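Worksheet: the structure to be examined is printed underneath.
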Amino acid sequence: MPASTSPPSPLRSRARRLLPALLAALALPLAGAALPAPAAAAAAVTVTTGPELEQALAAARPGQTITLAGDRRYVGTFTATRAGTAGAPITLTGPRSAVLVNDDTPSGSGCPAPGTHRSGYGLWLYNASHWNLRGFTVADSKKGIVIDRSTSVHISGVEVRRTDEEGVHFRSSSADGSLRDSRIHDIGLVQPGYGEGLYIGSAHSNWGCHGLTGGRDRSDRIQVTGNHFGPNVRGEHIDVKEGTRDGRVANNTFDGRGISGVHYADSWVDLKGNGYIFEDNTGTFSPPGTFTHGYTSTQQLAGEGCGNVFRSNRSDLGGVGGYAIALWSQSSCGSNPNTVHSSNTVANARQGLTNIPLTP
């Protein structure tokens, strides 16, 4: 008996007609036009001259590394105003023989900002968060490295020398940064009273320019570890300003030779902030210079200069200094006192270890 030859169903016929169109539609993304292109990695850049470095800083992108060729001086105005990200910081790196110099004549009035000021700073980061600065040298400039309005800037292995004023400055609420394993010396050669090795925050008289967080300069939580300060840091090796909080200063060496005594610069550290930890630092003094105490704390505003902790620091005052740790703010700290642990030691002091009771 012959096989059945009944006509195909209308549903099957329609499916056959639609199948080519459906396959074509599914193939469109595979052609590449509908897929977003992957983000291009920021190209690494190597620079060999000052103008090349200026251009690289102006064009920097998140994740990029800018490398300085060694054995040369980079002369120019080096300002970074572009930010990286937490996951893709921007890195400027080079050997110590790569030396950044700004020999420009400073100018401008009012609060300093790129575009209105010729700063004279060796390297200036402004609104440039998430940068790593590694290895190179900054020298022969008005100031060394200045960080304004820039969080999470990490400086490591650099050398800063022969500046007119301070060596490194975290300013304008530039919080959560660090200075590590670096050498800071021959600072404040023109303005010794402003020749701090490291300056954290700003004096309350300057908060009109730099007080960006509730009217204060909250350059908080700065980590200062493994650095060598001195000789010939003409101001304090570290000046911690009122309004700043919760930094850590550890495993540093302070060589006090050459401290000037100008503008009360007569100690390794002048501490006016709160909640700082000082531990495992080594400080020495021998002439020339003016030296009164190792670490000092005074109160510039009510409640400031309090809640700081000192432990396992070693001080040799060279037979000149009075106390290793002189905390004059203590009497005004109330329920938030400073603490000096008995693990601190002192040699060759005229007055002793500290002016406050010790804590075991």
Side-chain angles (χ1 to χ4, degrees), residues 57 60 62-66 78-93 100 112 114 119 121-136 138 143-160 163 166-184 187 196-203 206-207 209-213 216-229 236-252 269 271-279 281:
L57 294 173
Q64 188 169 51
T65 295
I66 303 168
F78 304 122
T79 304
T81 58
R82 293 194 171 195
T85 67
I90 302 169
T91 298
L92 176 63
T93 185
L100 276 57
S119 69
Y121 305 164
L123 178 62
W124 191 9
L125 272 64
Y126 189 96
N127 282 331
S129 297
H130 301 292
W131 276 70
N132 298 320
L133 309 176
R134 297 176 179 165
F136 52 86
V138 176
K143 303 178 189 284
I145 301 172
V146 178
I147 300 139
D148 276 326
R149 304 173 180 235
S150 304
T151 60
S152 299
V153 174
H154 300 289
I155 306 169
S156 62
V158 305
E159 181 176 0
V160 181
T163 61
E166 68 262 34
V168 178
H169 197 161
F170 289 88
R171 189 173 67 180
S172 301
S173 293
S174 294
D176 299 306
S178 64
L179 175 65
R180 304 178 190 274
D181 303 320
S182 296
R183 185 163 182 230
I184 315 293
I187 302 297
E196 299 87 354
L198 171 63
Y199 201 120
I200 300 174
S202 53
N206 291 323
W207 285 354
C209 281
H210 305 302
L212 303 183
T213 307
R216 296 185 171 218
D217 183 343
R218 294 299 299 270
S219 294
D220 295 344
R221 298 177 297 279
I222 303 300
Q223 306 291 306
V224 186
T225 59
N227 304 289
H228 189 109
F229 293 89
E236 298 89 352
H237 291 186
I238 303 177
D239 194 350
V240 179
K241 287 303 185 184
E242 59 271 17
T244 65
R245 298 287 185 271
D246 302 329
R248 180 171 178 261
V249 179
N251 300 111
N252 300 284
V269 174
L271 172 60
K272 306 180 189 77
N274 287 15
Y276 282 77
I277 294 174
F278 287 81
E279 58 186 351
N281 301 290

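Not measured: the values here are computed from a predicted model.
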> Between T85 and A88, what is the shortest heavy-atom contact and its length?
Replying inline: OG1-N, 2.9 Å
>> Has D217 got a side-chain atom pairing as donor or acceptor with G211's backbone, closer than 3.5 angstrom?
In response: no
>> Under a 3.5 Å distance rule, please check whether S152 uses its side chain to pair with a backbone N or O of H130 as donor and acceptor.
In response: no
>> So which atom in R221 and which in D176 form the shortest heavy-atom distance, rounded to 0.1 Å?
In response: NE-OD1, 2.6 Å
> Are V269 and Y276 side-chain neighbours, meaning at least one heavy-atom pair lies under 4.5 Å?
Replying inline: no
> Is there a donor-acceptor pair under 3.5 Å between the side chain of N132 and the backbone N or O of P89?
Replying inline: no
> So do the side chains of F229 and I187 get within less than 4.5 Å of each other, counting heavy atoms only?
Replying inline: no
> Is any side-chain heavy atom of D220 closer than 4.5 Å to a side-chain heavy atom of D246?
Replying inline: no
>> side chain to side chain contact (heavy atoms under 4.5 Å, CB included) for F78 and V138? Distances and angles first, verdict last.
In response: CA-CA 11 Å; F78 304 122; V138 176; over 6 Å; no
>> How long is the straight-line distance from CZ of R149 back to CG of L212, given to the nearest 0.5 Å?
In response: 4.5 Å
>> If you compare all heavy atoms of V168 against all heavy atoms of I184, which two are closest, and at what distance to 0.1 Å?
In response: CG2-CD1, 4.2 Å
>> Could you go through R216 and R245, starting from their C-alpha distance and side-chain angles, then the distance that decides it, and tell me whether this counts as side chain to side chain contact (heavy atoms under 4.5 Å, CB included)?
In response: CA-CA 11 Å; R216 296 185 171 218; R245 298 287 185 271; 3.9 Å; yes
>> Contact between L133 and L92 at the side-chain level, heavy atoms closer than 4.5 Å - yes or no?
In response: yes
> Does a side chain donor of either R180 or T225 reach within less than 3.5 Å of an acceptor in the other side chain?
Replying inline: yes
> About how many Å separate CD of E196 and CD1 of I238, when rounded to the nearest 0.5 Å?
Replying inline: 11.5 Å
>> Checking V224 against F170 for the side chain to side chain contact (heavy atoms under 4.5 Å, CB included) test, could you report, in this order, the C-alpha distance in whole Å, the side-chain angles of both residues, the deciding distance, and whether it holds?
In response: CA-CA 11 Å; V224 186; F170 289 88; over 6 Å; no
>> Pairing donors with acceptors under 3.5 angstrom, does anything connect the side chains of H154 and S178?
In response: yes
> Within the side chain of R218, is there an N or O that forms a donor-acceptor pair under 3.5 Å with the backbone of G243?
Replying inline: yes
> Do you know which two heavy atoms are closest between S219 and G201, and how far apart they sit?
Replying inline: CB-N, 3.9 Å
>> Looking at every heavy atom in both A128 and W131, which two are closest together, and how far apart are they?
In response: O-CD1, 3.1 Å
> Rounded to the nearest 0.5 Å, how far apart are CG of L125 and OG of S172?
Replying inline: 12.5 Å
> Do the ring planes of W124 and Y126 sit parallel (below 30°), tilted (30 to 60°) or perpendicular (above 60°)?
Replying inline: perpendicular
>> Does R248 form a salt bridge (Lys or Arg N to Asp or Glu O under 4.0 Å) with E279? I'd like the steps, not just the answer.
In response: CA-CA 8 Å; R248 180 171 178 261; E279 58 186 351; 2.9 Å; yes
>> Less than 4.5 Å apart, side chain to side chain, heavy atoms only: is that true for I222 and L179?
In response: no
> Sub-3.5 Å donor-acceptor pair from the side chain of H169 to the main-chain atoms of G197, do we have one?
Replying inline: no
> Counting distance only, does the side-chain N/O of S182 pair as donor-acceptor with the main-chain N or O of G157 below 3.5 Å?
Replying inline: yes
>> Which heavy atom of L123 sits nearest to which heavy atom of F136, and what is that distance?
In response: CD2-CZ, 3.9 Å
>> For a quick check under 3.5 Å, do S129 and T151 share a side-chain donor-acceptor pair by atom type?
In response: yes
> Is any NZ, NE, NH1 or NH2 atom of the basic residue among R171 and D148 found under 4.0 Å from an Asp or Glu carboxylate oxygen of the other?
Replying inline: yes
>> I'd like to know whether K241 forms a side chain to side chain contact (heavy atoms under 4.5 Å, CB included) with W207, so could you lay out the CA-CA distance, the side-chain angles of the two residues, the decisive distance to 0.1 Å, and finally the verdict.
In response: CA-CA 11 Å; K241 287 303 185 184; W207 285 354; over 6 Å; no
> So, the side chain of S174 versus the backbone of I147: is there a donor-acceptor pair under 3.5 Å, distance only?
Replying inline: yes
>> Can a donor-acceptor pair be found, under 3.5 Å and without considering hydrogens, that links the side chain of N281 to the backbone of V249?
In response: yes
> Checking N227 side chain against D181 main chain: does a donor-acceptor pair fall under 3.5 Å?
Replying inline: yes
> Once you round to the nearest 0.5 Å, how far does CD of E236 lie from CD of E166?
Replying inline: 11.5 Å
